[in-house]
Amino acid sequence: MQLISVDIGSTYTKGALLVLRDGQLHVQARASVPTTQDDLTTGFVQVLLALGVLEEKTQLETLAPTIPVYVSSSAKGGLSVAAVGLVPNVTMEAARLTALSAGGRVSRVFSYLLTAADIELLEQNPPDIILLSGGTDGGNERYVRQNARRLAASTVPSCIVYAGNRQAAEDVERCLRGKPFTVTENILPALDCLNPEPARQVIRELFLQRIVQGKGLERLIRVLRHDPLPTPLAILEFVKILHKHGTDLEDFCLVDVGGATTDYYSALCHPLPGPETVYRGIPEPRIKRTVEGDLGLRVSACSVLDAAGPSLEADVAHAGHRMESLQAYARHVEAAPGHLAACADEACYDRLLFSTCVSIATQRHAGRLRSVYTADGERHVQTGRDLRHVRRIVLTGGYAAHMNLDHCIPAMATVPVDDTGSSILAPRSPVCWIDRDHLVPLAANVAAAHPEAATRLVHDNLVRTRAATVHPHEHPRTSP
Amino acid sequence: MNHPVIVLGVIGADCHAVGNRILDMYFSSRSYHVVNLGVMVSQDEFIDAAIETGAQAILVSSLYGHGEIDCAGLRDRCIERGLDDIILYVGGNLVIGKQRFEEVAAKFRTMGFDRVFGPDADLAVVDRLLRQDIKRRQPCS
Ligand code: B12
């Protein structure tokens, strides 16, 4: 049985013709063309032509109905979401996590009451969605009501998703009548219970409506027998599947370093610590996604260098280069995001930027552990997730696939403590594996239908790198 | 009136867990909606929880002898963060050495606690007082 999987990215539209035989997926053909921004179907058709499943000039509509087509799209870099919560550490954080787990790009976060200035920001730069939350069920109603009233009185055109205190839902709905609006279940019905799924579903549907609008995708949908998926959501769902079906992938991280952002996913069997450690904050989900908007290899290359710690200078020197040359390269590629490394030096700069993105994103994704000295001795307080035992980091993305593996990727050092003195719960001695043929997004598309085969496909394509992230205090650096 | 919402927790670096469990079980059985934060709870965590859950009262426990330091400023912080009229109770081992309970209780009341209890507090009495206090603070609408 043949299947087609296509991922319409912001720069490239990539596709594969897959064959499912004896429960295994094989890649029969691959194709990649620049994404055609004004009409996405043009690039899509080009990919199908290159895959040999469409004959020249024939219409999309004549595509053999026997071949299922799975499509994902990260149109416009994903859906922008403004997350509104009540207390910063509680519902605001829950709203942020929910938006990210739905594949959204969090453009802004707000807590307590929306001020006139906040509303003005939203009016001038409206996100696609405003996720309005606040209050556990039966809890605080005052803030969400007020915020709903302020949004109602504004000219903000964004679609508002209400996922706050259930008791206030009807009032909020009445108040926002006339605006694009959806009510769903509370993302935090009780303090110790995170419930992102219903809001995630709503955001996903809105995303679909939105990527379908214009750009020719309506036509595509008529031909497809499956709804297109937002790429980050497809990958998040795939991480869940890898977690369930993959060998050695019970607890792992998956990092997608792109031109503009670094998307970080992790799957953990037991995200909460045992009784010996006190846990603080809203409960960690098993599967988590975070997005670093300032870490990327092209559009965000300069901000990567701003965020880098002092260890980068040592890596640069070790690679036989000067910091100034790397900075000049970053400025160059930021201005010319289509640039591909043209010589060995540039390839090395890309590797340095890449490893910096991975190490910083790892540190930000990981939780923190701090010691509290009590009369009874030392106690540990944890916030966020503990990745220390994680052995595998999967690196995916077009850039990762093109990294020359004959050269060592600079060590991805993570620092052991942050500025506040808390330990960073990053993987202690992981091994990085590269998704060599960049199959993750394509396999993700078919994973819901063929979970085990998609897992195998990606698994067999992972190549172990010589680079290991190291915790300098635990593993002294050795030269490559 | 709906079930009153109360926030429980043991403040500071205190990890005496048993009394906290008992308070949780007792007040839950008396049809309060109990939001229990467990041990080693900071002032802000009490306040965060009270804001989000719309709690009427915070019941702070301190067992290990540092209650006075840990509780100082809690009332001010509540007011600062918008909990103008939340009820604050404190209880546990607040008396150290040869102090008299009445002196200690007066000190905690000056710090802004509405009521102060010792380790031998009768929880049925606490329940009765708490209901009275909550009723008194209900806005007359
Ligand atoms: C068990 C215990 C421990 C265990 C705790 C295990 C655990 N995780 O729970 C361990 C060994 C870890 C421990 C450690 C310490 N402990 Co200790 N511990 C005790 C002990 C023996 C029993 C506590 C208990 O569980 N009581 C049973 C429960 C049901 O009672 P309760 O906690 O008092 O709670 C009730 C009331 O106080 C009241 N109440 C409590 N909070 C509130 C709040 C409100 C609003 C109201 C209305 C009522 C209320 O209602 C509760 C339910 O009935 C007591 C002595 C004692 N007999 O009380 C010492 C005691 C509490 N510990 C004490 C001390 C000093 C310590 C340590 C500092 C060091 C040490 N010397 O051992 C450390 C501190 C650790 C820390 N960071 O918190 C002292 C405290 C002295 C003081 N406050 O002046 C005590 C009193 C012993 C003593 N006489 O010296 N301890």
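Labels below follow one simple rule: chain letters A, B, ... track the order of the sequence lines, proteins then strands, and each chain is numbered from 1.
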- Note on the structure: Output for pair (A:Tyr143 OH, B:Ile51 CD1), nearest 0.5 Å, gives 6.0 Å

- Task: Looking only at non-hydrogen atoms, find the nearest pair between A:Arg280 and B:Met40 and report the distance.
- Result: NH2-O, 2.9 Å

- Item | Heavy-atom closest pair, residues A:Leu191 and B:Leu37 | CD1-CD2, 3.9 Å

- Message: I'd like to know whether CZ of B:Arg131 has more than 12 heavy-atom contacts from other residues, nucleotides or ligands below 6.0 angstrom.
- Response: yes

- Message: Are there over 12 heavy-atom neighbours, none belonging to B:Glu80, within less than 6.0 Å of that residue's CD?
- Response: no

- Residue B:His33 versus chain A: region with a heavy atom under 4.5 Å: neither

- Message: Apply side chain to side chain contact (heavy atoms under 4.5 Å, CB included) to residues B:Thr53 and A:Asn140 and explain how you reach the verdict.
- Response: CA-CA 6 Å; B:Thr53 60; A:Asn140 187 292; over 6 Å; no

- When you look at CZ of A:Arg166, are more than 12 heavy atoms from neighbouring residues, nucleotides or ligands closer to it than 6.0 Å? no

- Task: Might you point out which heavy atoms bring A:Val87 and B:Arg81 nearest each other, and give the distance in Å?
- Result: CG1-NH2, 3.7 Å

- Between B:Gly12, B:Gly82, B:Ala50, B:Cys15, the one whose heavy-atom pairs under 4.5 Å with chain A are most numerous: B:Cys15

- Does a sphere of radius 6.0 Å around NE2 in A:His270 hold more than 12 heavy atoms from other residues, nucleotides or ligands, not counting ones at 6.0 Å or beyond? no

- Query: Can you tell me if CD on B:Gln132 sees more than 12 non-hydrogen neighbours from other groups inside 6.0 Å?
  - Reply: yes

- Would you check if the side chain of B:Glu52 reaches a backbone N or O of A:Thr91 as a donor-acceptor pair within less than 3.5 Å? yes

- Message: Between A:Val278 and chain B, with a heavy-atom cut-off of 4.5 Å, which part of the residue counts as in contact: side chain, backbone, both or neither?
- Response: side chain

